[in-house]
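Reading through the structure tokens given below for one structure.
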Protein chains: 2
Amino acid sequence: MSESDITREKIIVAARERFSHYGYPKTTIAELAEDCAMSPGNIYRFFKGKIDIAVEIARREALSAVEVIEAVLDCPLRSSRQRLEEVVFADLRYTFHLLENQPKTLELAQIVVSDRPQFQIESLRRERRVFQRILHEGQASGEFMVVNVPATTIALHGATVKYRYAQLFTNQTLAELERELAHVMTLIMRGLMPTVEGRAVVETRIPDETNVASIAAEAAAAAAEK
Amino acid sequence: MSESDITREKIIVAARERFSHYGYPKTTIAELAEDCAMSPGNIYRFFKGKIDIAVEIARREALSAVEVIEAVLDCPLRSSRQRLEEVVFADLRYTFHLLENQPKTLELAQIVVSDRPQFQIESLRRERRVFQRILHEGQASGEFMVVNVPATTIALHGATVKYRYAQLFTNQTLAELERELAHVMTLIMRGLMPTVEGRAVVETRIPDETNVASIAAEAAAAAAEK
DNA sequence: TTAGTGAATAATTTATTGATTGTTCATTCT
DNA sequence: AGAATGAACAATCAATAAATTATTCACTAA
């Protein structure tokens, strides 16, 4: 890491701290400069403007969120159905808790998106890729019966919009949303899976709220085994 | 209609005109009073406050929107699947055009909801009832295979959230949203309908954009025939 | 009694101003 | 040269004052 990369990191660390404590608007460039023991002007050698610092932080946040979810993909001993359900519920819970505990993170995201609409589009695309991978897997193993994977990915994503950043749409509790999402997933699963001997596909059960660390650990263990 | 009901109507008509032209905030009670050739004070004999005039207008708007959709239920010669699809697409198109052509209507709705959260809850409930009726019908006729109608109603409603007032979530075009919704409905239909001889349920096609008048006329004709 | 008034008041909104902040750049350091 | 500064300027924000508006109510008219 070059000297100037280190300085850049220092700015990001200071900004993340201040943004999450006091919020983006209340954080001044002068303060960031002071935190980094430099002059305000020097910040502009590393970022084109204040908003670009926020964009970089939000970008990393979004990437690490998707990585957490992708960890589910690397966990062994799971059917495609289980994977899909875990991913969707993880999304609901992760974003729900985020809005509940870190309101400043949402504020930051909203500011970034209103300034850079492209940011949201790319975040959604990354999310969809996870769905698509699971559908492909399920398709290949014969567990799912998907006629058109890209179209179904879009459908799946569209049908679960309400369960990402749910508090933006409703003031239901997490428990209510989980019950509702279970019904949605039941419906979707009946659409994805072939019926065996005329018996309806069994209902989706709300998965346990495994924490992020344990999923990551499980995935790491599986990787090590290989 | 009593004398005082007529006066009340006069106020509502004047308010609707001004709200849709200049918006709720820019309309003053004094102006409404002048339109109705009365004093500001007298308005308060008919409405508790300014916001209550807006609530009444929004309530009527919401009711008539649901009535339009309910007209689909009374149309003959339609399978439950067709009904469901027509209702969902009608919802997308109706709300899309509303936001596109009548931005003040959205503004009004947002003001009412932020002041009276119950208003939104009841509007959603009315919408869900339409879904529930269709599911019941389909269930009864054997066209649908629904294990739990209330749960499936909730699922169906939740899965189609994005396609009501879609511009609040995305800046996709109507055509894009229609294609996407078709995929969602295909997925849902595969979840609702029994598979016949192992053949996948056929994809949802985007229905023609029949106008409201023609649906209402069709329903009326059907009613007259009986 | 019921319908309506309009001036008085309380609540909000808008305009104005002064202070703060983001950004630039000529200049100084290393 | 590249790295960093900090004063200067423009843009934005916060605080306050001014104006407008919602709401009330004592009162009049029918």
Side-chain angles (χ1 to χ4, degrees), chain A residues 1-58 103-104 107-108 110-116 119, chain B residues 1-58 103-104 107-108 110-116 119:
Chain A
M1 187 146 60
S2 80
E3 189 66 35
S4 86
D5 281 345
I6 291 173
T7 314
R8 202 182 137 92
E9 281 309 307
K10 230 165 64 179
I11 297 171
I12 289 174
V13 169
R16 189 160 28 212
E17 184 63 22
R18 290 219 177 243
F19 289 170
S20 69
H21 254 338
Y22 310 107
Y24 175 85
K26 293 254 179 223
T27 299
T28 71
I29 294 287
E31 286 166 344
L32 292 182
E34 190 166 4
D35 291 348
C36 302
M38 60 173 66
S39 66
N42 200 35
I43 301 260
Y44 288 85
R45 299 206 316 112
F46 299 92
F47 293 95
K48 203 159 164 305
K50 185 184 179 186
I51 187 71
D52 298 273
I53 307 177
V55 168
E56 178 61 21
I57 291 173
K104 301 291 184 195
E107 183 202 54
L108 197 75
Q110 285 177 326
I111 290 167
V112 167
V113 166
S114 84
D115 222 77
R116 305 280 166 86
F119 181 88
Chain B
M1 186 146 55
S2 80
E3 189 67 36
S4 88
D5 280 345
I6 290 172
T7 314
R8 201 182 138 94
E9 281 310 308
K10 228 165 65 179
I11 296 171
I12 289 174
V13 169
R16 194 166 18 219
E17 184 62 23
R18 289 221 178 239
F19 289 169
S20 69
H21 254 336
Y22 310 107
Y24 175 84
K26 294 250 179 228
T27 299
T28 72
I29 294 288
E31 287 167 344
L32 293 183
E34 191 164 3
D35 291 349
C36 302
M38 59 175 65
S39 66
N42 198 38
I43 302 259
Y44 287 85
R45 299 209 316 113
F46 298 91
F47 294 95
K48 202 158 164 307
K50 183 184 177 186
I51 188 70
D52 298 273
I53 306 177
V55 169
E56 178 61 20
I57 291 174
K104 300 291 183 196
E107 183 202 53
L108 197 75
Q110 286 176 326
I111 289 167
V112 167
V113 167
S114 85
D115 222 76
R116 305 279 165 87
F119 180 88

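Computed from a prediction, not measured in an experiment: that's the story for all the values here.
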Show your working on side-chain contact (heavy atoms from CB on, under 4.5 Å) between A/Glu107 and A/Lys104 and close with a plain yes or no. CA-CA 5 Å; A/Glu107 183 202 54; A/Lys104 301 291 184 195; 4.0 Å; yes
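- If you take CZ of B/Phe47 and C1' of D/dT24, they are 18 Å apart, rounded to a whole angstrom.
- The nearest pair of heavy atoms linking A/Tyr44 to A/Gly49 is CE2-CA, 3.9 Å.
- The separation between A/Ile43 atom CD1 and D/dA3 atom C1' is 14 Å, rounded to whole Å.
- Computed from coordinates, the A/Glu34 CD to D/dA4 P distance equals 17 Å when rounded to whole Å.
- Taking CD1 of A/Ile6 as the start and CD of A/Glu9 as the end, the distance is 9.0 Å to the nearest 0.5 Å.
- When rounded to the nearest whole Å, the span between CD1 of A/Ile11 and P of C/dG22 equals 14 Å.
- Side-chain proximity of B/Thr28 to the nucleotides D/dT5, D/dA22, C/dG22 is greatest for D/dA22.
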Provide a list of protein-nucleic acid N or O atom pairs under 3.5 angstrom, restricted to nucleotides 26-30 of chain D.
none

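- Of the inter-residue distances, the one linking B/Glu17 atom CD with B/Glu31 atom CD reads 12.5 Å to the nearest 0.5 angstrom.
- Closest heavy-atom contact between B/Phe19 and B/Leu108: CD1-CD1, 3.8 Å.
- Looking at every heavy atom in both residues, B/Leu32 comes nearest to B/Ala15 through CD2-CA, 3.5 Å.
- The distance from atom CG of A/Asp35 to atom NZ of A/Lys10, rounded to the nearest 0.5 Å, is 10.5 Å.
- Under the side-chain contact (heavy atoms from CB on, under 4.5 Å) rule, A/Phe46 has a single partner from A/Ile12, A/Thr7, A/Ile53, A/Asp52, which is A/Thr7.
- Residue A/Met38 contributes atom CE, which lies 13 Å from atom P of D/dG6 at whole-angstrom precision.
- In this structure, the NZ atom of B/Lys26 is 12 Å from the P atom of D/dT20, given to the nearest Å.
- Following rounding to the nearest Å, B/Arg45 (CZ) and C/dT1 (P) show an atom-to-atom distance of 14 Å.
- In the helix from C/dT1-D/dA30 to C/dT30-D/dA1, the end axes, each obtained as the rotation axis mapping the C1' atoms of four pairs onto the next four within a five-pair block, lie 10° apart to the nearest 10 degrees.
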Atom pairs under 3.5 Å: protein N/O with N/O of nucleotides 23-30 of chain C:
residue : atom : partner : partner atom : Å
C/dT23  : OP2  : A/Tyr44 : OH           : 2.5
C/dT23  : OP2  : A/Lys50 : N            : 2.8
C/dT23  : O5'  : A/Tyr44 : OH           : 3.2

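- Here D/dA3 presents its C1' atom at 15 Å from CG of A/Asp5, a figure rounded to the nearest Å.
- In plain terms, the two heavy atoms of B/Val55 and B/Phe119 that are nearest each other are O-CE1, 4.2 Å.
- For the pair A/Thr27 and A/Lys50, the tightest heavy-atom approach, listed with the atom from each and the gap, is O-NZ, 2.8 Å.
- Take the nearest nucleotide of DNA chain D for A/Ala37 and for B/Ala30: the residue whose nucleotide is more 5' is A/Ala37.
- Taking each heavy atom of A/Ala30 and A/Pro40 in turn, the nearest pair found is CA-CG, 4.3 Å.
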